[in-house]
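Note that these values count all heavy atoms, side chains included, but never hydrogens, waters or copies made by symmetry. Here is the naming used below: chain letters follow the sequence lines, and residue numbers restart at 1 for every chain. Owing to the predicted nature of the structure, the values given are computational and were not obtained by experimental measurement.
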Protein chains: 2
Amino acid sequence: MTTIKELAKACGVSVATVSNILNNKGGASEETKQKVLKAAKEMNYTPNIVAKNLKMRNTRSIGVIAEDMTIFSIPDIIDGITQQCEEADYHILLTNLRLFKKHEDTYYHKQDYYEDVHKEIRKLQSKQVEGIIYISAHERVIKCIPEDIRIPAVMAYGYSDTAKIPSIVVDDEEGAYQLVSHLAAMGHKQIGVITGKKDSLHMQARLEGFQRALFDNSILFNPKFCMTGDWNRESGYSNTDALIDQGVTAIFCMNDVMAGGVYDRLEERGLKVGEDISIVGFDNREVSSYYKPPLTTTTLPLHDIGYKASEVMMGLLAHEELPEKEGIYKVPCEFLLRKSVGEVNE
Amino acid sequence: MTTIKELAKACGVSVATVSNILNNKGGASEETKQKVLKAAKEMNYTPNIVAKNLKMRNTRSIGVIAEDMTIFSIPDIIDGITQQCEEADYHILLTNLRLFKKHEDTYYHKQDYYEDVHKEIRKLQSKQVEGIIYISAHERVIKCIPEDIRIPAVMAYGYSDTAKIPSIVVDDEEGAYQLVSHLAAMGHKQIGVITGKKDSLHMQARLEGFQRALFDNSILFNPKFCMTGDWNRESGYSNTDALIDQGVTAIFCMNDVMAGGVYDRLEERGLKVGEDISIVGFDNREVSSYYKPPLTTTTLPLHDIGYKASEVMMGLLAHEELPEKEGIYKVPCEFLLRKSVGEVNE
DNA sequence: TTGTATGCGTTATCAT
DNA sequence: ATGATAACGCATACAA
């Protein structure tokens, strides 16, 4: 590997001059400038960023800790981060905890892995990253980032539970509000809901949005129309009958997957989605556009969450005053009108 | 940030002694050892890996260049890489080219982006990565890695077209062979196929596997049973009639998505999958298990490709003699028996 | 306009 | 068992 010292010797100038020329500091004569630049090209000089980092005491890199790359929410968030980082000329050091592969579907109730996270954060700090973004696979409160961390940290798709570590989350409440408002606008008054798991923050916020939409449309909230699901297709299927038999004309499924289960049961009962019964989902999973008819749903703004997380990180690095005092940034969903909602027949 | 020098001063010893103790070099007395370790803990000492890297002239890091994080094949491959890297104690510097977002679905026919790739490779080399893994989104020949690169490079899910840069690819031929052999074993002799795009290497290898399975089962290859699709659901749908009307009893769809289109058309024609017509797919996309009946298919070994790519990289870094002289590593698919194939009625 | 010298935090050599 | 010192490649204050 060519170094500036070798370049200097080859050109018969000092390292300082080479360094100045390479960094466009000016002060060098056009003649030596050309000579050095030419030699740099010929000798295929590549700057050693590691040495530069040591000298400059910064790395322009941030550590990204992902709970599990293979969970569908993560890649889009990373994509958003990388886009913003490219714009800001920052690089990413990726840590994939592989939590799902290691602990199955149960890790997020426990805290066994907090110790692992601390270890990874220490490693990243050793590598002199300037900040850390933690990407959760399922939105929830996560306190795996030590409060006394000496560099900025941001929680993407989860709640840090402290304003010192900003949290970037989905605006589930507003997303649900839009979906259910649409049902109301189409004349539905008997609206059932199949929720996600009770302990989920997504579920709680979506339920609040559901209730606010009912209230704003002067529709009574009937607890009997509120079935508890578990996010899986089967729980959509198994909760359909109770709702239909109570006479609902529309069902708000808190995710697209459960909506698939509802479609299945409705088909068995000879009921047509979008005509006899209206359905809306949540998440805009790829499959939902293949449902027959395609499902009206709302996008999870995963990319935007990543982008925002990175933006907030850049603000932290610049010691900017952040706009959200509470440290919670809600990123809006995008409503997707498709074919699964019909006008209600009076 | 605490440094070795500060530790040394606090303990009244030299930096050399501190360094030796911190790295378990031995030679220090138990007394000073304890003193230093205690101080390190108290002062929250974190080693500066950047300085260490500069001194040691290595970084134990590799650069990973992904064509686009949001394409389904990429995250699993990265997952495999991170798993192997964790075992080998290497870290990952991630570069997301975002090719799909930037150029839509056409980039892989052009070479416009080769210049970008070269730039990213230079950046990564500046950061002193010890090797580079390039992850393609669709298997094809890609010559975006300069041949004169000074560090090891590996092509994951694509062909580098040179033995110097090992290529890790899916064993499409064998995967297709197993699928079609299964159809033959169930008594099918009139087997149609809906291919992917003609210029795709996946398509060509799968076709070879298809033909070998026919040959081994003494079934004539009828070119009229070979319909050209384009990987999209619609092309499965639109090619179904021609096949059915010619009397095939089974269809090999070269991906699960097109198989979905075949299901659609079959349902319209009142034909039952797994009874009237047997279908097999390819890729094991998540949706395929929700098809009714669930689709018999084969997994794309994406995770294994990443893992293998990283393993090969470690071999390169250790200057090992690699097993595959041609530099092409074929990773096996895993056959998935579900419900879409029935025995043929004579 | 150019060169000298110093230091970033670490490891390693060679004394003591 | 411990310490003084050089070196890794670079940027920079200051001198020339």
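- On the nucleic acid side, DNA chain C has its first and last nucleotide under 4.0 Å of a heavy atom of chain B at dC8(C) to dA12(C), going 5' to 3'.
- Put simply, CG on L7(A) is 15 Å from C1' on dA11(D), counting in whole angstrom units.
- For the pair K9(B) NZ and dA4(D) C1', the computed distance is 16 Å after rounding to whole Å.
- Here K123(A) contributes atom NZ and T95(A) contributes atom OG1; the two are 7.5 Å apart, rounded to the nearest 0.5 Å.
- Picking from dT2(D), dC8(D), dA11(D) the nucleotide with the shortest atom distance to the side chain of S19(A) gives dA11(D).
- Within the structure, every side-chain polar atom (N or O) of R57(B) is placed at least 4.0 Å from both OP1 and OP2 of dA7(D).
- Residue pairs meeting the ring-ring contact (aromatic ring centres under 6.0 Å, His included) criterion with at least one partner in residues 22-46 of chain A, sequence neighbours excluded, do not occur; the list is empty.
- Computed from coordinates, the K5(A) NZ to dA7(D) C1' distance equals 8 Å when rounded to whole Å.
- OP1 or OP2 of dA11(D) has at least one side-chain nitrogen or oxygen of N23(A) nearer than 4.0 Å.
- If you check every strand for non-hydrogen atoms under 4.0 Å, S29(B) touches sugar and phosphate atoms only.
- Between I21(B) atom CD1 and dT2(D) atom P the separation is 7 Å, expressed in whole Å.
- M56(A) comes within contact range of the sugar-phosphate backbone alone, with a heavy-atom separation under 4.0 Å but no base atom that close.
- Between K119(B) and E115(B), no side-chain nitrogen of the basic residue sits less than 4.0 Å from a carboxylate oxygen of the acidic one, so the salt-bridge criterion is not met.
- Ionic pairing of E321(A) and K325(A) is present here: one or more N-O contacts between side-chain nitrogen and carboxylate oxygen are shorter than 4.0 angstrom.
- Using the six-membered ring where Trp is involved, H303(A) and Y307(A) have ring planes that are parallel, under 30° apart on the 30 and 60° scheme.
- A salt bridge links E86(B) and K102(A); the closest N-O separation between the charged side-chain nitrogens and carboxylate oxygens is under 4.0 Å.
- In this entry the distance linking CG of N20(A) with P of dA13(D) reads 10 Å, nearest Å.
- Straight-line distance from the CD atom of E6(A) to the P atom of dG9(D): 8 Å, rounded to whole Å.
- Panel note: side chain H91(A), backbone I62(A); no donor-acceptor pair is recorded below 3.5 Å.
- V50(A) comes within contact range of no nucleotide atom at all, as no heavy-atom separation falls under 4.0 Å.
- Note on R60(B) versus E130(B): no salt bridge recorded, every NZ/NE/NH1/NH2 to OD/OE distance being 4.0 Å or above.
- Across all strands shown, A16(A) has heavy atoms under 4.0 Å from base atoms, whether or not it also approaches the sugar-phosphate.
- Using five terminal pairs a side, the axes of the helix from dT1(C)-dA16(D) to dT16(C)-dA1(D) at its two ends make an angle of 50°, given in steps of 10 degrees.
- Taking atom CG of L54(A) as the reference point, atom P of dT12(D) lies 13 Å away to the nearest angstrom.
- Mapping Y45(A) and K55(B) onto DNA chain D by nearest heavy atom places K55(B) at the nucleotide closer to the 5' end.
- When the P atom of dT12(D) is taken as reference, atom CG of N24(A) falls 13 Å away, rounded to whole Å.
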Between N58(A) and N53(A), does the side chain to side chain donor-acceptor pair (under 3.5 Å) criterion hold? Intermediate values first, please. CA-CA 5 Å; N58(A) 68 22; N53(A) 287 342; over 6 Å; no
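- Panel note: side chain R98(B), backbone T82(A); no donor-acceptor pair is recorded below 3.5 Å.
- OP1 or OP2 of dT2(D) has not a single side-chain nitrogen or oxygen of T17(B) nearer than 4.0 Å.
- Counting any heavy atom pair closer than 4.0 Å across all strands shown, G12(A) reaches sugar-phosphate atoms only and no base atom.
- Between K25(A) and dA11(D) there is no side-chain N or O to OP1 or OP2 distance below 4.0 Å.
- Here K52(A) does not reach the OP1 or OP2 of dG9(D): none of its side-chain N or O atoms lies under 4.0 Å away.
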